[in-house]
Each structure stands twice: as structure tokens, then as C-alpha cells.
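Ligands are counted one by one from 1 in listed order, and the atoms in each one are counted from 1 as well.
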Amino acid sequence: MIKTVKGCKDIYGEDIEYFRKAEKVMRDTARAFGFREIIPPVIEYSELFQRSVGKDTDIVEKEMYTFTDKGGRSITLRPEMTASVARAYVEHHFETLPSPVKLFYIGPCFRYERPQKGRYREFYQFGVEVLGDESPLLDAEVISLAYRISEKSGIKGLKVRLNSIGCKKCRPHYKEVLREALKPHYEELCDDCKRRFYTNPLRILDCKREKKELKESLPKITDYLCEECKSHFEKVQNYLKLMDIPFELDNSLVRGLDYYTKTVFEVVSEDLGAQNALLGGGRYDYLIEELGGRHTPGLGFAIGMERFVEVLKAQSKIIEKETSIYIAYQDSTLKAALDIASNLRDKGFTVLVDSKGGSFGKQLSRSGKRNSDFTVIVGEDELKKGTVQLKDMRKKEQKEVKVEKIIEELMSNES
Ligand SMILES: [Zn+2]
Ligand SMILES: [Zn+2]
């Protein structure tokens, strides 16, 4: 038997209902905030991710699905989508559009990670990007969009974790300060952090293997921000207060990717424990430059759909079931049965027409196995009178209804 590729999964049954519901909330809310959709290709030139995500990241170092195509080009299955959106911005001259440009996306991404619970090698991301504007009001707006999406989806105990990781002017100095403070503890660090000590010591702050006491004793980046970053960060916080978005400052929040600047944030559900973020994002004012465009500030966030759906399932039972109807008939009433099915489908009902035939008893039993809400029994004798039998499968009640009154009758039974 051929199975799914290791680390991949089929999404079906109850999961797909939650997935599509979450997706709808995300799309609708993003559109309400003025975002428009973009669908980039699944494959990109490998160089895009080396330059954007950064060479010294786990993603680029270990986790990319990279191959050489038949033309000898190095191609990568995208490990995330921000780089693709930034590439599209430069390639299609979005800088000529009214600024800021607000885009959202949803689609599969690929990372060759060790499969574990809730982590897949193919996973779906929804995300938004705002490009071409450095106003801190947009930071607050993007955070509020992330918060509202989680709230509208029905996730409880929401909180925003917020930090600033500075800019090209102030971060290098902080990195030096951090290295100095870490030097006496170098031998205690995990192997990855020993390397990060030289390459990117900020990432030691969010390493789960380092001791909490050590991390808390380290100098805080917010004490080393330049005037511009400091004022930007204060404004973001003030705007969040105006928008009634609850947040708390967290100095250990640095995000894994190299391209972030200034604001970084996560939305967490308290029910999940502190380590577990629902989504994360931040500002990336140099990314477009890295890709060869002119200086273009940007920011955004991404949601891992699998994790989001998992949390949604654990916390809410709010999938509205459509009224489902089963149609039973006799050979002589097939035409009428099909017409009834067609009318009901036009009205938005989920309709199954029996395909195996036989006695009404057998057809009703199949309707029961399908958990139908109602069965419409189209019998020859009733049809002559212009009626059908309508059976409420839950209440086990049956009554004779005029064909043209079926919908009216179903509507009165809903709610
Ligand atoms: Zn700065
Ligand atoms: Zn570590």
C-alpha cells in the first residue's frame, strides 16, 4: 500500500470543516482591513530564501526542499511566503501602487523537519504583508488584525506578546552587549547557541534549551534601542491601547528569522501554555532592499493553519452543520425526486439522492446511516396528489407535505 509521504497528511472529515471555517474568517477579516489576495508559485529560485530568510537560519541550513531542475537551476519549495510576496513586490513594481500595499496569502509551504505532533513537512500558512509604509499605526493595525482573526475564529484566552528588536543602527551594539554578558556562560550553552553566540546571539534569547534564570539575567534590548526605534515602539503600544488590544512586553521574543526589525509579536492563547504561539510576525524594513529593491519598509504575520485548527478544535464546537436531506424515491418518481433535489440544492441545502434504490425501508435506513436531518420520500401515490412524505430523522416524525411547500416546511424546522 502506498502511503502519504513522511511528514505529510491528508486533511479531511471534521478537520477540513474547521480548516475552511478558519480560512473564511481569515480572508473576510483581512479583506475588511483592506488587504487583497496574492497567490505566488509554490517553487522559487533557492537564492530568494538564502537572501531573505537568511543563510544562518535552521530553515535555510537544514530544512529546505531544494533540487536542481532539468535546466540546471536550483529550485526550492517555499519554506514560507513572505519572501515570495516581497519578490513579487519588486518584480511587478508594486511601489508604483498607492502605498501601503496590503496583501494576504494562503497556501502550502514545505520544511524538511523532524515530524512531530502538530508539525508537518507540508503545512499551510495564512499571512498578511503591508509594504511601503513605516508608520507605527500599521504595526498596531496588523497586530489588531491578527488578534481579531483569532478572536472571531472562536479562540479563547488571547494575548499579544510584544517586543522590539531594533534596527541596523542599534541592534549591532546590543548584540555586542549581549555577547559580553553571555561570555561567562558560554560553556553552559547548547551546541546551537554556541554557534549562535558568534552568528546571531539574539536567537539565544528564545532557545528553549537555555535556563530561564540565565535568560532573565541578560540585558534587555528595549534598554538599548536608538531614539527612532524607541519612539516607534512607544507609539505602537499607544495605538494598541487605543484599539483595545491587550498585550504584554516580552524581551525574550526575537522570532527565528533574520529579516525582522523593530516590532516583533506573537498572539498566544493562554490555554496553550506560554511557549505556544498561535501566530507570529513583525516588521522587516530591510527585506525588500536585500532582494534588490529600493528601501521599502514592510511588516506582516503568518499563521500555521494546522496548529490554528488544532487549537480551534480543542476550544470550540462551533461548526454549524448544514441541514442535510436525503431523497428516497421509486423508479416511477425519479424525475420528480431529481427536481426536488435540484430545488433544495439551489436553496443551499446539502442533498443526497439515494443511488441504490430498493424499498423505502432500505432507503430510509441508508438515510439514517448518513445522519441526514430529513428524508424526502417521493412515492407514486403521494406524487399524484402533488405531495411527498417528509420525515424528520431526529424526531422520528413523518408528515405529508405539498411539493411546493417542502422548503417552507424545512425552514420552519430549522433553528
Ligand atoms: Zn534602532
Ligand atoms: Zn540554546
Side-chain angles (χ1 to χ4, degrees), residues 54-63 113-114 116 119 133-140 142-143 162-239 249-266 274-277 280-290 295-299:
K55 282 199 170 102
D56 179 53
T57 53
D58 287 350
I59 294 176
V60 172
E61 277 181 357
K62 309 175 199 162
E63 297 169 0
E113 289 183 281
R114 197 165 50 83
Q116 44 183 305
R119 279 236 184 146
D133 196 325
E134 56 200 359
S135 165
L137 184 61
L138 289 170
D139 300 45
V142 163
I143 294 170
L162 185 66
N163 195 18
S164 173
I165 54 169
C167 67
K168 267 182 182 164
K169 279 177 279 173
C170 52
R171 194 158 53 194
H173 173 57
Y174 173 70
K175 278 188 184 174
E176 282 316 311
V177 173
L178 191 57
R179 258 189 214 112
E180 277 307 309
L182 281 165
K183 221 176 238 169
H185 305 281
Y186 182 81
E187 286 307 321
E188 305 160 33
L189 299 175
C190 75
D191 287 345
D192 282 333
C193 285
K194 280 189 174 112
R195 189 171 43 77
R196 289 170 184 149
F197 178 87
Y198 298 102
T199 55
N200 189 0
L202 245 68
R203 297 214 38 225
I204 299 175
L205 295 170
D206 75 347
C207 176
K208 291 183 174 74
R209 276 174 288 176
E210 306 310 330
K211 289 195 204 80
K212 208 168 170 252
E213 304 84 68
L214 170 65
K215 289 195 272 187
E216 279 170 359
S217 72
L218 295 168
K220 296 181 182 2
I221 189 160
T222 40
D223 295 331
Y224 293 85
L225 296 176
C226 67
E227 279 312 310
E228 189 196 320
C229 287
K230 209 168 139 187
S231 136
H232 186 97
F233 194 41
E234 276 162 13
K235 283 179 188 153
V236 173
Q237 294 175 58
N238 288 336
Y239 293 141
L249 301 183
D250 186 336
N251 280 283
S252 72
L253 184 65
V254 296
R255 308 285 305 149
L257 306 182
D258 281 356
Y259 54 59
Y260 286 111
T261 50
K262 291 184 180 163
T263 312
V264 288
F265 69 94
E266 286 181 350
Q275 302 281 12
N276 293 314
R283 185 167 268 289
Y284 47 82
D285 289 346
Y286 311 125
L287 177 60
I288 301 275
E289 271 169 86
E290 294 288 324
H295 176 71
T296 310
L299 77 152

task = Take D139 and K262, measure what salt bridge (Lys or Arg N to Asp or Glu O under 4.0 Å) needs, and give me the verdict at the end.
result = CA-CA 10 Å; D139 300 45; K262 291 184 180 163; over 6 Å; no

task = Mind telling me whether Y186 and Y198 have parallel, tilted or perpendicular rings, with 30° and 60° as the class edges?
result =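 Answer is perpendicular, since the angle exceeds 60°.
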
Qualifying residue, where the test is side chain to side chain contact (heavy atoms under 4.5 Å, CB included) with S231 and the options are E227, K235, E228 = K235

ask   = Is the number of heavy atoms from other residues, nucleotides or ligands under 6.0 Å of K175 NZ greater than 12?
value =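 Yes.
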
remark   = Note: SG(C193)-the Zn ion (ligand 2)-SG(C190) angle, rounded to 10 degrees, equals 110°

ask   = What is the SG(C229)-the Zn ion (ligand 1)-SG(C170) angle, to the nearest 10 degrees?
value =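 My answer is 110°, to the nearest 10°.
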
ask   = Please state the angle at the Zn ion (ligand 1) spanned by SG of C226 and SG of C167: what is it, rounded to 10 degrees?
value = 110°

ask   = Can you tell me if E210 has an N, O or S atom under 2.8 Å away from the Zn ion (ligand 2)?
value = yes

